[in-house]
Asker: 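Let me give you the structure first, and then I'll get to my questions.
The figures here come from the full heavy-atom set of this structure, side chains too, leaving out hydrogens, waters and symmetry mates.
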Amino acid sequence: MEKQQALAKIEELITYFHSDPFLRSERFDAWSEAYDLMYDLHQARHIDALELLELQQRLSTFPELQTQKSFESVAKVVFDRACQLIIGGNPAFESEKVLFHLEMVMQEWGYKSAVVAEYCDSVKEENDVMREMGIE
């Protein structure tokens, strides 16, 4: 699916998701499909992490919970990329910085996430091994 078609479909699903609170199972299906499309667009590099975060926030009925979930989702994308680099024998120093920045912003905004903290710690630990081997 092309970017414009996928974004139009996401808009349609967001509208449907917010339409009738009594259609819980159908609403969950729309919510799930919209999330799948968002991640597909992100994986195909059609949207960046910020656009992904904005779309996720619009989909939420509970913005506070969704904001935290969105931070966790973006952190997962960064963490997954860092894992690919590390498995390939390369350091993920930039990913480490991004994850720590996400964690810092979350704390400044009043959110805490064990998931994001674990991503930060894991990537830092692996990067520390690379630093010990003299890879900078």
Side-chain angles (χ1 to χ4, degrees):
M1 186 178 292
E2 290 184 28
K3 178 182 178 181
Q4 295 301 358
Q5 290 175 317
L7 289 173
K9 181 66 175 176
I10 291 169
E11 290 297 327
E12 177 186 323
L13 292 167
I14 288 172
T15 301
Y16 178 72
F17 179 73
H18 290 292
S19 65
D20 189 348
F22 298 104
L23 300 173
R24 290 210 184 270
S25 63
E26 292 85 357
R27 289 178 66 224
F28 178 76
D29 291 342
W31 181 85
S32 181
E33 185 179 349
Y35 263 89
D36 289 345
L37 283 171
M38 287 178 213
Y39 284 110
D40 289 347
L41 283 175
H42 187 308
Q43 291 296 326
R45 307 272 192 249
H46 292 304
I47 61 174
D48 61 24
L50 182 59
E51 290 171 307
L52 177 64
L53 181 66
E54 290 170 353
L55 285 170
Q56 289 173 335
Q57 287 176 334
R58 292 189 48 230
L59 188 57
S60 174
T61 56
F62 303 103
E64 300 80 22
L65 295 176
Q66 189 57 33
T67 299
Q68 181 168 334
K69 177 69 175 152
S70 296
F71 272 110
E72 290 172 356
S73 297
V74 170
K76 180 172 180 10
V77 169
V78 174
F79 177 75
D80 288 347
R81 179 65 180 134
C83 288
Q84 291 174 353
L85 288 168
I86 291 167
I87 289 169
N90 300 301
F93 299 135
E94 292 81 12
S95 298
E96 179 182 346
K97 290 177 186 176
V98 170
L99 287 168
F100 277 104
H101 183 72
L102 282 171
E103 185 178 40
M104 180 188 68
V105 171
M106 284 185 74
Q107 289 174 356
E108 286 176 1
W109 290 7
Y111 299 101
K112 290 185 180 179
S113 171
V115 172
V116 175
E118 182 60 32
Y119 290 154
C120 291
D121 294 343
S122 296
V123 172
K124 183 178 183 333
E125 195 175 295
E126 292 297 326
N127 280 336
D128 285 346
V129 171
M130 299 272 187
R131 288 181 186 102
E132 288 174 6
M133 295 186 326
I135 301 172
E136 286 294 324

Asker: Which pairs with one or both residues in residues 97-107 pass salt bridge (Lys or Arg N to Asp or Glu O under 4.0 Å), sequence neighbours excluded?
Answerer: none
Asker: Please report the interatomic distance CG(Leu102) to CE(Met104), rounded to the nearest 0.5 Å.
Answerer: 9.0 Å
Asker: Counting distance only, does the side-chain N/O of Asn127 pair as donor-acceptor with the main-chain N or O of Pro91 below 3.5 Å?
Answerer: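 Checking the backbone N and O of Pro91 against the side chain of Asn127, no donor-acceptor pair under 3.5 Å is found.
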Asker: For the CD1 atom of Ile87 and the CD atom of Glu126, what is their distance to the nearest 0.5 Å?
Answerer: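 Reported value, rounded in 0.5 Å steps: 9.0 Å.
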Asker: What pairs meet the salt bridge (Lys or Arg N to Asp or Glu O under 4.0 Å) rule with one or both residues in residues 39-50, with sequence neighbours excluded?
Answerer: none
Asker: Once ring pair (Phe, Tyr, Trp, His ring centres under 6.0 Å) is applied, what residue pairs with a partner in residues 73-110 remain, sequence neighbours excluded?
Answerer: Phe71-Trp109, Phe79-Tyr119
Asker: Measure the spacing between CD1 of Ile47 and CG of Leu7 and express it to the nearest 0.5 Å.
Answerer: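 Those atoms lie 6.5 Å apart.
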Asker: Indicate the atoms forming the closest heavy-atom contact of Val116 with Ala75, along with that distance.
Answerer: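 For Val116 and Ala75, the tightest heavy-atom pair comes out as CG2-CB, 3.8 Å.
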Asker: Within this structure, what is the CE-NZ distance for the pair Met106 and Lys112, rounded to the nearest 0.5 Å?
Answerer: 11.0 Å
Asker: Say you draw a straight line from CE of Met38 to CD of Glu51; how long is it, rounded to the nearest 0.5 Å?
Answerer: 12.0 Å
Asker: State which residues pass side chain to side chain donor-acceptor pair (under 3.5 Å) with Glu11; sequence neighbours excluded, sorted by chain then number.
Answerer: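 So Glu11 forms a side chain to side chain donor-acceptor pair (under 3.5 Å) with Arg58.
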Asker: On a heavy-atom basis, which atom in Leu99 and which in Cys120 lie closest, and how many Å separate them?
Answerer: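 Result for this residue pair: O-SG, 3.2 Å.
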Asker: What residues, two or more places apart in sequence or in another chain, satisfy side chain to side chain donor-acceptor pair (under 3.5 Å) together with Lys76?
Answerer: Asp80
Asker: Can you hop from Ile86 to Val77 via hydrophobic side chains spaced under 4.5 Å?
Answerer: no
Asker: Partners of Glu72 by side chain to side chain donor-acceptor pair (under 3.5 Å), sequence neighbours excluded?
Answerer: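 Expected list: Gln68, Ser113.
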Asker: Side chains of residues 129-136: which donor-acceptor partners sit under 3.5 Å, not counting sequence neighbours?
Answerer:
from   : atom 1 : to     : atom 2 : distance (Å)
Arg131 : NH1    : Glu96  : OE1    : 3.4
Arg131 : NH1    : Asp128 : OD1    : 2.8
Arg131 : NH2    : Glu96  : OE1    : 2.9

Asker: Can you list the residues that meet the side chain to side chain donor-acceptor pair (under 3.5 Å) rule with Glu54, with sequence neighbours excluded?
Answerer: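 Listed in chain order: nothing, the list is empty.
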Asker: Quick check: is Tyr111 connected to Val115 through a chain of hydrophobic side chains (ILVMFWY, heavy atoms under 4.5 Å apart)?
Answerer: yes
Asker: As a quick check of understanding, evaluate side-chain contact (heavy atoms from CB on, under 4.5 Å) for Val78 and Val123, giving each step before the final call.
Answerer: CA-CA 10 Å; Val78 174; Val123 172; over 6 Å; no
